[in-house]
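Bear in mind the structure is a predicted one, so any value in this text is a computation, not a measurement. Residue numbers start from 1 in every chain, and the chains themselves are labelled A, B, ... in the order their sequence lines are given, proteins ahead of strands.
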2 protein chains.
Amino acid sequence: MRIEEAIKQNKPFSSEFQKAIVNLVYTASWWNQVATRLLRPFGISQEQYNILRILRGMGDQPATIKTLTERMLDNNSNASRLVEKLKKKALVERLECPMDRRRVDITITAKGLQLLDETASIMDGNIHSNFAHLTEEESLQLNELLDKMRG
Amino acid sequence: MRIEEAIKQNKPFSSEFQKAIVNLVYTASWWNQVATRLLRPFGISQEQYNILRILRGMGDQPATIKTLTERMLDNNSNASRLVEKLKKKALVERLECPMDRRRVDITITAKGLQLLDETASIMDGNIHSNFAHLTEEESLQLNELLDKMRG
DNA sequence: CAACATTCAATGTATAGACATATATTTGCA
DNA sequence: TGCAAATATATGTCTATACATTGAATGTTG
């Protein structure tokens, strides 16, 4: 569905660029809803999921809050509080960093890794089959345009 | 900056499509931050701004909460509460619909229209000059890809 | 027309983002 | 060394999304 129909806009946009901004926000919101629903059965939010993925990507190396903040998609989000919630679910561990007591070393637990495994087919496989209305070539174009848009 | 650098991802994405999903969320978050900062001096949030724009677009016709919900970019957002906040700022009016007392007719006030006028140069003009790293042709492509992505 | 279903809006509760501020620790340098 | 600046994290407060539920008004149908 074209963006104009999606938001029932009858007047034309003042430019393709203006439309692209609206389309970007709308499409991100659309995706957000999809992802939220996919993750709901696992009891975690997209943001918490994202943190678990980053932690797994660190391998043996622990992450600090700072590291997470830098790598999170929304880097104004509050890594401290998200980590706190993950800790309550025993999905991550938090240890005072011995080198620098200001820091906190965060690692994913076995339970956290297991949860990621359980989400894999839905979050990786299914997405591609159910939502991949773009070919690889189109996805590549989209990536280039989004990168360019941010300047 | 390419998305991999932006989120300091060292491992390659499993596919261009997976990367596009991450890029979409990241770029929307980037835009969200830009817009939030642009609107902050005017004392309204992006969502409230969006509602004002929809109301202005209605012309003389009033909008109901339902109408707003349908047209909002994030249609899970809570139009009732956003309207309530706009009303407190005297930017909109809310009247019981005489035809159907379940409904509420919402209209933008003169003050609301004035606020939109004040934001115009920043939200319309400036965006294009400061953030339009895309040409019209590229914006068009982006629109097509985003529309296609949603299926 | 009465009973039931549907629609519209509001609200309760959980999660998260935006931003300022607080607190502890470390660094740097006079 | 001592003290100010910088850094890392946590927290307070406002705003907003996600979703279930409530309650009033209206539609529908036997």
Sub-4.5 Å side-chain heavy-atom contact between Val104(A) and Ser80(A): no

What do the steps show when you test Glu84(B) against Lys87(B) for salt bridge (charged side-chain N to carboxylate O under 4.0 Å, His left out), and what is the final call? CA-CA 5 Å; Glu84(B) 173 61 23; Lys87(B) 187 169 179 265; 5.6 Å; no

Considering residues, nucleotides and ligands other than Asp60(A), do more than 12 of their heavy atoms fall under 6.0 Å from its CG? no

Mind checking if Ser80(B) touches a base, just sugar-phosphate, or nothing, with heavy atoms under 4.0 Å? base

Among dC19(D), dA16(C), dT15(D), find the nucleotide with the atom closest to the side chain of Arg40(A). dC19(D)

Heavy atoms, side chains only, cut-off 4.5 Å: are Lys85(B) and Lys88(B) in contact? no

Trp30(A) CH2 to dA18(D) P, straight-line distance once rounded to whole Å: 14 Å

Under a 4.5 Å cut-off applied to non-hydrogen side-chain atoms, are Leu55(B) and Leu68(B) in contact? yes

What integer distance in Å separates Gln33(A):CD from dA18(D):P? 5 Å

Closest to the Gln48(B) side chain: dA16(D), dT15(C), dT11(D)? dA16(D)

With Arg53(A) via side chain to side chain contact (heavy atoms under 4.5 Å, CB included) - residues at least two apart: Tyr49(A), Arg56(A), Leu116(A), Asp124(A)

What about Arg81(A): does its side chain form a donor-acceptor pair under 3.5 Å with the base of dG12(D)? yes

Between Arg150(B) and Asn23(A), is any side-chain donor less than 3.5 angstrom from a side-chain acceptor? yes

Arg37(A) CZ to dT15(C) P, straight-line distance once rounded to whole Å: 18 Å

Starting at CD of Glu47(B) and ending at P of dA16(C), how long is that distance when rounded to a whole Å? 17 Å

What integer distance in Å separates Asn78(A):CG from dT15(D):P? 17 Å

Using a 6.0 Å cut-off, check whether atom NZ of Lys89(A) has over 12 heavy atoms from anything other than its own residue. yes

Measure from CD on Gln46(B) to P on dT15(D) and round the result to the nearest Å. 16 Å

Less than 4.5 Å apart, any side-chain heavy atom of Asp100(A) and any of Thr64(A)? no

Within residues 61-68 of chain B, find the residues that approach DNA chain D with a heavy atom at under 4.0 Å, and present them sorted by residue number. none

If you take any heavy atom closer than 4.0 Å to DNA chain D, which residues from residues 91-108 of chain B end up in contact? Asp100(B), Arg101(B), Arg102(B)

Take the protein atom CG of Asn32(A) and the nucleotide atom C1' of dC19(D), then report the distance between them rounded to whole Å. 13 Å

Could you state the atom-to-atom distance from CG of Leu86(A) to P of dA14(C) in whole Å? 18 Å

Counting only side-chain N and O atoms of Lys85(B), is one of them less than 4.0 Å from OP1 or OP2 of dC14(D)? no

